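First listed ligand is number 1; within each ligand, the first listed atom is number 1. None of these values were measured; they are calculated from a predicted model.
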Amino acid sequence: MKILFSAPDSDWADYRDLLPHMLTEAGIEAQLVREAAPETIDYIVYAPNDDLRDFTPYSRTRAVLSLWAGVERIVGNATLTQPLTRMVDAGLERGMVEYVTGHVLRHHLGMDAHVVNPGCGWRPVAPPLAADRPVTMLGLGALGRACAQTLAHLGFPVTGWSRTQKQIDGLRCLSGEDGLERALTGAEIVVTLLPLTPGTENLLDARRLALPAPGAALINPGRGPLIDDAALLAALDAGRIGHATLDVFRTEPLPADHPYWAHPRVTVTPHVASATRPATAAQVIVENIRRSEAGAPLLYLVDRARGY
Ligand SMILES: NC(=O)c1ccc[n+]([C@@H]2O[C@H](COP(=O)([O-])OP(=O)(O)OC[C@H]3O[C@@H](n4cnc5c(N)ncnc54)[C@H](O)[C@@H]3O)[C@@H](O)[C@H]2O)c1
Ligand SMILES: O=C(O)[C@H](O)COP(=O)(O)O
């Protein structure tokens, strides 16, 4: 079997030895290649790149296996008729839990007053307990759910919002348009871990950004276009949103003249919230190839109509 590794060179360095080794361990005889005649390729391991845009000639390819959790850059490709899977990786999940927990605690504990602006002087105002700090998680998938549950274990009252109604221990789960309003209203920290689809683009617009508690913090490790940037800047300037920690943007790298860079109440992180971790992600790729060969359903199959 031949597997095309269609991803940037930095990924190739991580997987070129690891993936063949793990395939062999799983009893799968395969050759991992950087290029080959398209009609000879059985599977494509994919991360966004400029080389592969037309999937039409890959006539025997049985699945395209994304190394990324977010598939918005490939899911709408009209030439892609092969099954597409997204990445759900234990290492990626743990990294996201650490990022979200760290940034939630920064805002909850008011760390900036002591660490970033220690000139504030001796103002002994103790932060409330987590139990008194409502947090809202938009998105309750692999990543949102893990982050929400960790925050709930720390004592935060966490409300989660998703497309279909969920029941998750320790969380107040809401869904639908009305659920979104209820989830946002009064939240003191809002985290967005939604995929980018036509249904989520500009989800946080001026009206919805006015619903959280005055001065609430917004943390977006999901995708940049989930937020209407002009509305967020206006909400920050008016103090309706107290701080925005943004990891993802409409244009990446974030252009040097973008107002987010200079804004005193915006923290920019350069799309580092969490990365796919090769050691665990390779297991997912191998398992999906094993399943496909055995005629079993693929894990984490993308629904083209939903867009994720
Ligand atoms: N910044 C980073 O480093 C980084 C890393 C990995 C993933 N991500 C982003 O995180 C996103 C979420 O990943 P995941 O693995 O948890 O995804 P997932 O597919 O497991 O979960 C998606 C969640 O979003 C909800 N959702 C989708 N559309 C919705 C809608 N219209 N209304 C309400 N809820 C909706 C679903 O119900 C589900 O709960 C990815 O798509 C990606 O954009 C970012
Ligand atoms: O969280 C999940 O189980 C999946 O991402 C699907 O969620 P949805 O049915 O709410 O889209």
Protein residue, atom and distance nearest to atom 28 (N) of ligand 1, heavy-atom basis: Y308 CE2, 3.6 Å

ILVMFWY cluster, L209 and L226 together (side-chain gap under 4.5 Å): yes

Pair T267, R106: side-chain N/O donor-acceptor within cut-off below 3.5 Å: yes

With respect to V88, determine whether any N or O atom, backbone or side chain, lies less than 3.5 Å from an N or O atom of ligand 1. no

shortest atom 4 (C) of ligand 1-to-protein heavy-atom contact is with M96 CE, 3.4 Å

Test item, M87 contacting ligand 1 (heavy atom, 4.0 angstrom): no

Taking atom CD of Q165 as the centre, does the number of heavy atoms from other residues, nucleotides or ligands within less than 6.0 Å exceed 12? yes

Residues E181, R207: salt bridge by 4.0 Å N-O rule: yes

From D42 atom CG to S292 atom OG, the distance as rounded to the nearest 0.5 Å: 9.0 Å

Is the closest heavy atom of W68 to ligand 1 under 4.0 Å? no

Heavy-atom proximity to atom 1 (N) of ligand 1, picking from A142, C147, P221, G224, points to P221

Option of least heavy-atom distance to atom 12 (C) of ligand 1 (set: V248, L193, L174): L193

To the nearest 0.5 Å, atom OH of Y308 lies from atom CZ of R223 at 14.5 Å

Which pair of heavy atoms, one from V268 and one from L254, lies closest together, and at what distance? CG2-CD2, 3.9 Å

Specify side chain, backbone, both or neither for R223, according to which of its non-hydrogen atoms lie closer than 4.0 Å to ligand 1. side chain

For atom 18 (P) of ligand 1, what is the nearest protein heavy atom, given as residue, atom name and distance? R86 NH1, 3.4 Å

H271 neighbourhood, listing ligand 1 atoms whose heavy-atom distance to it stays under 4.0 Å: 1 (N), 2 (C), 3 (O)

Relative to atom 26 (N) of ligand 1, which among T269, L194, L203, L226 owns the nearest non-hydrogen atom? L194

Does L143 reach ligand 1 with a nitrogen or oxygen that is under 3.5 Å from one of the ligand's nitrogen or oxygen atoms? yes

Hey, is L92 one of the residues with a heavy atom under 4.0 angstrom from ligand 1? yes

Minimal non-hydrogen separation, W161 against A183, with atom names: CB-CB, 4.2 Å

Ignoring hydrogens and angles, state whether a donor on the side chain of T245 or H107 is under 3.5 Å from an acceptor on the partner side chain. yes

Between R94 and E98, is the closest basic N to carboxylate O distance under 4.0 Å? no

Ionic contact status for R208 with E177, cut-off 4.0 Å: yes

Can you list the ligand 1 atoms lying under 4.0 Å from a non-hydrogen atom of W161? 32 (N), 33 (C), 34 (N)

Heavy-atom donor-acceptor pair, R53 side chain to D51 backbone, under 3.5 Å: no

Report the part of D247 in contact with ligand 1, treating N, CA, C, O as backbone and CB onward as side chain, heavy atoms under 4.0 Å; options are side chain, backbone, both, neither. side chain

Nearest non-hydrogen protein atom, atom 23 (C) of ligand 1: G141 N, 3.7 Å

The answer, listing residues by chain and number that come under 4.0 Å of ligand 2 through any heavy atom, is L140, G141, R145, R163, T164, K166, R306, Y308

Can a side-chain donor-acceptor contact be found between Y300 and N288 if the only test is distance below 3.5 angstrom? no

The closest protein heavy-atom partner of atom 22 (C) of ligand 1 is P195 CD, 3.6 Å

Is the F156-H108 ring centre distance short of 6.0 angstrom? yes

Return the closest protein heavy atom for atom 3 (O) of ligand 1 as residue, atom name and distance. S274 O, 2.9 Å

Determine whether any heavy atom of T200 lies closer than 4.0 Å to an atom of ligand 1. yes

Which heavy atom of the protein is the closest neighbour of atom 34 (N) of ligand 1, given with residue, atom name and distance? R163 N, 2.8 Å

Contact region, R306 to ligand 1, non-hydrogen atoms below 4.0 Å, reads neither

Any side-chain donor near an acceptor of the partner, S6 and N49, under 3.5 Å: yes

heavy-atom search around atom 9 (C) of ligand 1 in the protein gives G222 O, 3.5 Å

Can a donor-acceptor pair be found between the side chains of T269 and Y99 at a distance below 3.5 Å? yes

Between T164 and ligand 1, is there a nitrogen or oxygen pair with a distance under 3.5 Å? no

Are the charged groups of D9 and R34 less than 4.0 angstrom apart, N to O? yes

